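For reference, the structure discussed in these notes is given below.
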Amino acid sequence: MRRVRYDSPGGPLFLEEVPVPEPNPGELLVRCQSVGVTLPMVRKVTEAAGPVPLGGEIAGEVVAVGAEVTRFRTGDRVTGLCFGHGYADYAPLHEAMASPVPADASAADAVALVRSGLVALGALHAARPEPGESALVTAAASGVGQLAVRLARVRGATRVVAAVSDPAKADFVRSVGADAVVVYGDDDWGEPVDYLLDAVGGDLLTPAVAALAPGGRLVAYSSGGGTIRAYDLLVGAKSVIGFQMARVAREEPKRYEEWRRELWRMFARGTLRPAVHGTFALEDAAKAHEVIASRRNLGKVLLRP
């Protein structure tokens, strides 16, 4: 089978031929039909001390099951988070991380909706939104961000502001439900908001906190780090809440499953449909990474094995 890998920090990425793996106990072997490309994985390629498996979101058909698997069988369509080599024709997926894909959804729908949707929905829950409040979403054109904009509206936000890196993304984020658009370098982010979902971090945290109304809540789910001055929170009685999807999946599996079902219900009703920026062939994984790294994507970026 084909698999994407790299030998040194920063790449380059290349295809190699390797044997099809056997599933370990508790694992499914999935014939991949769609693979998600994320900013954290792009960062690992450039920042990790040594090569790491290119894993992440996958969707496809179960072709073999390991010992101790009880919920799935061969022929089932699944999606989930692969911690091994996921940029491949076949990938191992632990049963605990696997979810069934409805018959009316494609593999691309599953990858674009489930993992990104779980992060967006989880961050929104952490913000404790109330009907009639206003929201601001950073990285609003990303795979997670565009779903967060849609979900904030579904959860009763009367005004949703999208923050983006480039004004060329304004039409896209308005098309998914944003009422107003701000660019990261703008001096004024407009009328303060009640809660803010931040996927960027770093230097953007200072203007993000300033964009909160008194008593506002910022949910940080970025891998970008950053520092917030305590005084900036104190003077406005503002709060910062950290959110990590991996912790929910590991420690609150029932909630994880409830959120997953909620996403598919909204998909079935047509109230939540993810946008896909583009789909790249497996051998073009480097091009997909470049789109993410340059922040050009409008929606989810996918690979097609």
Side-chain angles (χ1 to χ4, degrees), residues 37-43 46-47 116 119-120 123-124 126-127 129 133-153 157 159-214 216-233 235-236 238-244 274-275 277-278 288-301:
V37 180
T38 64
L39 180 59
M41 184 52 62
V42 172
R43 283 176 170 163
T46 57
E47 298 173 6
S116 294
V119 174
L124 189 62
E133 288 190 321
S134 55
L136 191 152
V137 178
T138 65
S142 68
V144 175
Q146 49 101 9
L147 290 172
V149 170
R150 297 177 193 266
L151 286 167
R153 179 71 71 201
R159 182 170 64 96
V160 181
V161 181
V164 294
S165 59
D166 189 327
K169 298 179 179 181
D171 288 345
F172 171 74
V173 292
R174 288 185 186 276
S175 75
V176 300
D179 298 297
V181 182
V182 298
V183 179
Y184 298 154
D186 290 348
D187 293 330
D188 183 4
W189 283 19
E191 184 180 345
V193 298
D194 297 300
Y195 65 91
L196 190 154
L197 309 181
D198 178 54
V200 180
D203 294 339
L204 199 70
L205 286 174
T206 297
V209 170
L212 290 173
R217 296 93 65 196
L218 184 151
V219 177
Y221 63 97
S222 163
S223 60
T227 303
I228 296 174
R229 295 194 313 162
Y231 181 79
D232 293 340
L233 303 178
V235 293
K238 302 173 184 180
S239 59
V240 176
I241 304 152
F243 175 78
Q244 184 189 51
H277 174 89
H289 273 221
E290 197 276 328
V291 169
I292 295 288
S294 62
R295 306 293 203 276
R296 298 201 317 272
N297 58 302
L298 303 176
K300 193 68 177 176
V301 175

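Computed from a prediction, not measured in an experiment: that's the story for all the values here. Just the heavy atoms: all of them, side chains too, but no hydrogens, waters or symmetry mates, feed the values below.
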>> On a heavy-atom basis, which atom in Tyr195 and which in Ala127 lie closest, and how many Å separate them?
In response: CD1-CB, 3.8 Å

>> Is there a side-chain contact between Arg153 and Val176 in this structure, where contact means two heavy atoms from C-beta onward sitting under 4.5 Å apart?
In response: no

>> Test of understanding: with salt bridge (Lys or Arg N to Asp or Glu O under 4.0 Å), list the residues that count as partners of Arg217, not counting sequence neighbours.
In response: Glu133

> Going from CD on Gln146 to CG on Leu151, what distance comes out if it is rounded to the nearest 0.5 angstrom?
Replying inline: 9.5 Å

> Do the non-hydrogen side-chain atoms of Leu124 and Pro129 ever get within less than 4.5 Å of each other?
Replying inline: yes

> Which residue, Asp179, Val149, Leu298, Val164, forms the side chain to side chain contact (heavy atoms under 4.5 Å, CB included) with Val173?
Replying inline: Val164

>> List the residues meeting salt bridge (Lys or Arg N to Asp or Glu O under 4.0 Å) with Glu290, not counting sequence neighbours, and say none if there are none.
In response: Arg296

> Should His289 and Val37 be marked as a side chain to side chain contact (heavy atoms under 4.5 Å, CB included) after you check the CA-CA gap, both sets of side-chain angles, and the distance that decides it?
Replying inline: CA-CA 7 Å; His289 273 221; Val37 180; 3.7 Å; yes

> For Arg159 and Pro192, which heavy atoms make the closest approach, and how far apart are they?
Replying inline: NH2-O, 3.1 Å

>> So which atom in Val137 and which in Ala148 form the shortest heavy-atom distance, rounded to 0.1 Å?
In response: CG1-CB, 3.9 Å

> Considering all heavy atoms of both residues, which atom of His277 and which atom of Asn297 are nearest to each other, and what is their separation?
Replying inline: ND1-CA, 3.4 Å

>> Return the CG to CG distance between Leu197 and Leu218, rounded to the nearest 0.5 Å.
In response: 8.0 Å

> Leu196 and Val219: side chain to side chain contact (heavy atoms under 4.5 Å, CB included), yes or no, with the steps?
Replying inline: CA-CA 6 Å; Leu196 190 154; Val219 177; over 6 Å; no

>> As an exercise, state the distance from NZ of Lys300 to OG of Ser116, rounded to the nearest 0.5 Å.
In response: 3.0 Å

> Can Thr138 and Asp198 be counted as having a side-chain donor-acceptor contact under 3.5 angstrom?
Replying inline: yes

> Measuring from Ser222:OG to Leu205:CG, what's the distance to the nearest 0.5 Å?
Replying inline: 7.5 Å

>> Less than 4.0 angstrom from a charged side-chain N to a carboxylate O is my criterion; do Lys169 and Asp166 meet it?
In response: no

> Which atoms form the tightest heavy-atom contact between Ala163 and Leu136, and what is the distance?
Replying inline: CB-CD2, 4.0 Å

> Any idea which heavy atoms bring Trp189 and Ala208 closest together, and the distance?
Replying inline: CZ3-CA, 3.9 Å

